[in-house]
Amino acid sequence: MKTTYRSIEGTFDILPGSASPVTRSEAWCHVEERIRAVMQRFAFAEIRTPVLEPLDLIARGVGELTDIVTKEMFSFERGSTNYVLRPEMTAPVMRAYLQHHLDQRPGEQRLFYMGPCFRAERPQKGRYRQFHQFGAEIIGSTDARADAEIIACTVEIYSALGLGSTLLRINTLGDAESRPRYIQALRAYFEPFSQELSATSQGRLKSNPLRILDTKLEHEAALVQSAPRLMDFVDPDSRAHYEAVKVLLAEVGVPFVEDPFLVRGLDYYSRTAFELESPEIGAQSALAGGGRYDLLSVSVGSRKPVPAVGFAAGMERLLLALEAADAPWPDTLPPTVFLIGLGESAEKAVFGLALRLRQAGLRATHGLRSRSMKAQMRTAHRVGAGYCVIVGDEELASGYAQVKEMTQGVQETVPFDVLPRYLLSHRT
RNA sequence: GUGACCGUAGCUCAGGCGGUUAGAGCGCCAGGUUGUGGCCCUGGAGGUCGGGGGUUCAAGUCCCCUCGGUCACCCCA
């Protein structure tokens, strides 16, 4: 049947019992639980921020010229305020940190988050207009251990879920000065070849030369080979910081590869940048990404700079990776008890009985359609109930219910008032 | 934003070069058992063939447009 309304393009419903983990609520619960567990072991505390944020916060935080801000935001005006549905969560978390003066709390702030984000891109596998991110931030530390811990935590979440075959790539982007200097050098290098570059690369030459570096065109890749190297422009302190991060990762046995061309798409990153990939989830292969963003706080209005590192990861991509890895999914637990009432007064009794069983801690349900015993029995079987409790006029008169165990099919007679105790002791 | 492919019952799909009331399996509902599920049998409900326009005596089948889905580019989680 054709339905009048459907979920908006690039958004989807998450249903119980769905075949794919991406749209299966049981899979989401399971994964969210595991993520929280790892976050808590890293002593991260949960922060929840609004889905709606001021447009300026995102524009300034993420960067006016980034793709996200120039063409991917769901934004609208109401009264004199411009709103956005957040396209990511780091800038909002920093906003909350500043707004609530979390720097006054003892030590660094270790925060994690989970929630929906929005980007108006063309949907494809692993990329949706409403998608879900989780991530963690350590705010208030310049120490390389903070970087390494964030990276270790990212990796830990995937391995805790049984995803071994991920690839960690890391790089350093240098400080606030080195990046602009490098960008300038890149422009100077590519400018003479401008005519040979593709239209997109020519555009990037103006907007974001760093992006030319990960071109897929062969003749451009050749040019990139002898382009100036980022590392040559990185300041000594950043280099030392990068070395320290690498040593820490090596010490705890987190495998990584260095990728001198890894640049992140958001403006606020400096120094450490990293990305975790899965080769098995399609073209959108980045499971998670992150890095240091010492510059963000100032660009969203802080008078003094607040150093921070963090990562953000995509829930849907994690679920996709688990699907590719053939991970098993917990099912929704079937009801322990299915109550069948025959006739009006029995139905009424069953309603109350169900409530008492639930209060005793049992999962109990009953049909609400006054159908035949046979039909109700079939439903009980199909929903996977462990027991049927049958109540008709005879049972009402005698005070004993029929209790049928569904796998063996044996049936016993149990007084109403001992039903909770009986079912609690017999359930598996 | 660009491109490719796809769009027939709730689901998975059949419907040779256009030709009479559009099918199957599964699922759903009911019955075969005056109060007993699973297996089996019988019956039923459910489709304006994504939508609109065109060609034709005739369109689920051909053409155009449109909407949606999928995947890729781009970008990124």
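Every chain is numbered from 1 and lettered A, B, ... according to where its sequence line falls, protein lines coming before strand lines. Computed from a prediction, not measured in an experiment: that's the story for all the values here.
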A correct 5'-to-3' footprint of nucleotides 30-40 of chain B, with B, S and - meaning base, sugar-phosphate only and no protein heavy atom under 4.0 Å, is SSB--BBBB--
Once you apply a heavy-atom cut-off of 4.0 Å, does A:Phe338 come out as touching a base, just sugar-phosphate, or nothing? nothing
Would you write the dot-bracket representation of RNA chain B, where each base gets (, ), [, ], | or . depending on whether it forms a Watson-Crick or G-U pair under 3.5 Å and with which partner? (((((((..((((.....[...)))).(((((.......))))).....(((((..]....))))))))))))....
When the distance from CZ of A:Phe118 to P of B:A77 is rounded to whole Å, what number comes out? 17 Å
Between B:G53 and B:A45, how far apart are the two P atoms, rounded to whole Å? 30 Å
If you measure from the C1' atom in B:C29 to the same atom in B:U21, how many Å do you get, rounded? 24 Å
A:Gln124: which residues meet the side-chain contact (heavy atoms from CB on, under 4.5 Å) condition with it, sequence neighbours left out? A:Arg127, A:Ala283, A:Gln284
Report the relative orientation of the aromatic rings in A:Tyr158 and A:Phe134; use parallel for angles under 30°, tilted for 30 to 60°, perpendicular for over 60°. tilted
With sequence neighbours excluded, tell me which residues meet side-chain contact (heavy atoms from CB on, under 4.5 Å) with A:Ser165. A:Glu280
Between A:Arg169 and A:Glu258, does any side-chain N to carboxylate O distance fall below 4.0 Å? no
What integer number of Å spans the P atoms of B:G15 and B:A9? 15 Å
Do NZ/NE/NH1/NH2 and the carboxylate oxygens of A:Glu149 and A:Arg110 come within less than 4.0 Å? yes
Could you list the donor-acceptor pairs under 3.5 angstrom formed between side-chain atoms of residues 410-419 of chain A and any protein atom two or more places apart in sequence or on another chain?
{"residue": "A:Gln411", "atom": "NE2", "partner": "A:Gln402", "partner atom": "OE1", "Å": "3.0"}
{"residue": "A:Glu412", "atom": "OE2", "partner": "A:Tyr422", "partner atom": "OH", "Å": "2.5"}

Just to be sure I understand the geometry, which residues of residues 29-44 of chain A put a non-hydrogen atom under 4.0 Å away from RNA chain B? none
Just jot down the ring pair (Phe, Tyr, Trp, His ring centres under 6.0 Å) partners of A:Phe311, sequence neighbours excluded, or say none. none
Rounded distance in Å between the C1' positions of B:G1 and B:C64: 24 Å
Can you check the distance between B:U12 and B:C71, where both ends of the measurement are the P atom (answer in whole Å)? 15 Å
Just checking A:Gln408: does its CD atom have more than 12 heavy atoms from other residues, nucleotides or ligands closer to it than 6.0 angstrom? no
Expressed in whole Å, how much space separates the P atoms belonging to B:G44 and B:A58? 34 Å
Where along residues 83-93 of chain A does a heavy atom come under 4.0 Å from RNA chain B, residue by residue in number order? none
In this structure, CD1 of A:Ile212 is separated from CZ of A:Phe261 (nearest 0.5 Å) by 12.0 Å
5'-most contact on RNA chain B (nearest-nucleotide basis), A:Gln284 vs A:Leu276, goes to A:Gln284
Could you list the donor-acceptor pairs under 3.5 angstrom formed between side-chain atoms of residues 342-354 of chain A and any protein atom two or more places apart in sequence or on another chain?
{"residue": "A:Glu347", "atom": "OE1", "partner": "A:Ser370", "partner atom": "OG", "Å": "3.4"}
{"residue": "A:Glu347", "atom": "OE2", "partner": "A:Ser370", "partner atom": "OG", "Å": "3.0"}

Distance check, C1' atoms only: B:G68 and B:C62, in whole angstrom units. 22 Å
Residues in ring pair (Phe, Tyr, Trp, His ring centres under 6.0 Å) with A:Phe12, at least two apart? A:Tyr128
Taking ring pair (Phe, Tyr, Trp, His ring centres under 6.0 Å) as the definition, give me every residue that meets it alongside A:Tyr400, ordered by chain and number, with sequence neighbours left out. none
Could you tell me the separation between the CZ atom of A:Arg119 and the C1' atom of B:G1, rounded to a whole number of Å? 16 Å
All ring pair (Phe, Tyr, Trp, His ring centres under 6.0 Å) counterparts of A:Phe274, not counting sequence neighbours: none
In plain terms, say whether A:Arg48 and A:Glu46 are close enough for a salt bridge, that is, a side-chain N and a carboxylate O under 4.0 Å apart. yes
Take atom CZ of A:Phe12 and atom P of B:G68, then tell me their distance rounded to the nearest Å. 18 Å
Could you work out the separation of B:U55 and B:C63 based on their P atoms and round it to a whole Å? 15 Å
Could you tell me the separation between the CZ atom of A:Arg122 and the C1' atom of B:A72, rounded to a whole number of Å? 10 Å
Do A:Phe112 and A:Phe44 make the cut of ring centroids closer than 6.0 angstrom? no
Interatomic distance, A:Phe134 CZ vs B:C76 P [rounded to whole Å]: 19 Å
Position toward the 5' end of RNA chain B (nearest nucleotide), A:Gly282 or A:Ser285: A:Gly282
Side-chain N or O of A:Gln124 versus OP1/OP2 of B:A72: is the shortest distance under 4.0 Å? yes
Just to be sure I understand the rule, does A:Arg6 reach a base, reach only the sugar-phosphate, or reach nothing, if contact means heavy atoms closer than 4.0 Å? sugar-phosphate
Would you indicate what A:Ala380 reaches in the nucleic acid, counting non-hydrogen atoms under 4.0 angstrom: base, sugar-phosphate, or nothing? nothing
Among the nucleotides B:G68, B:A77, B:C76, whichever has the atom closest to the side chain of A:Arg127 is B:A77
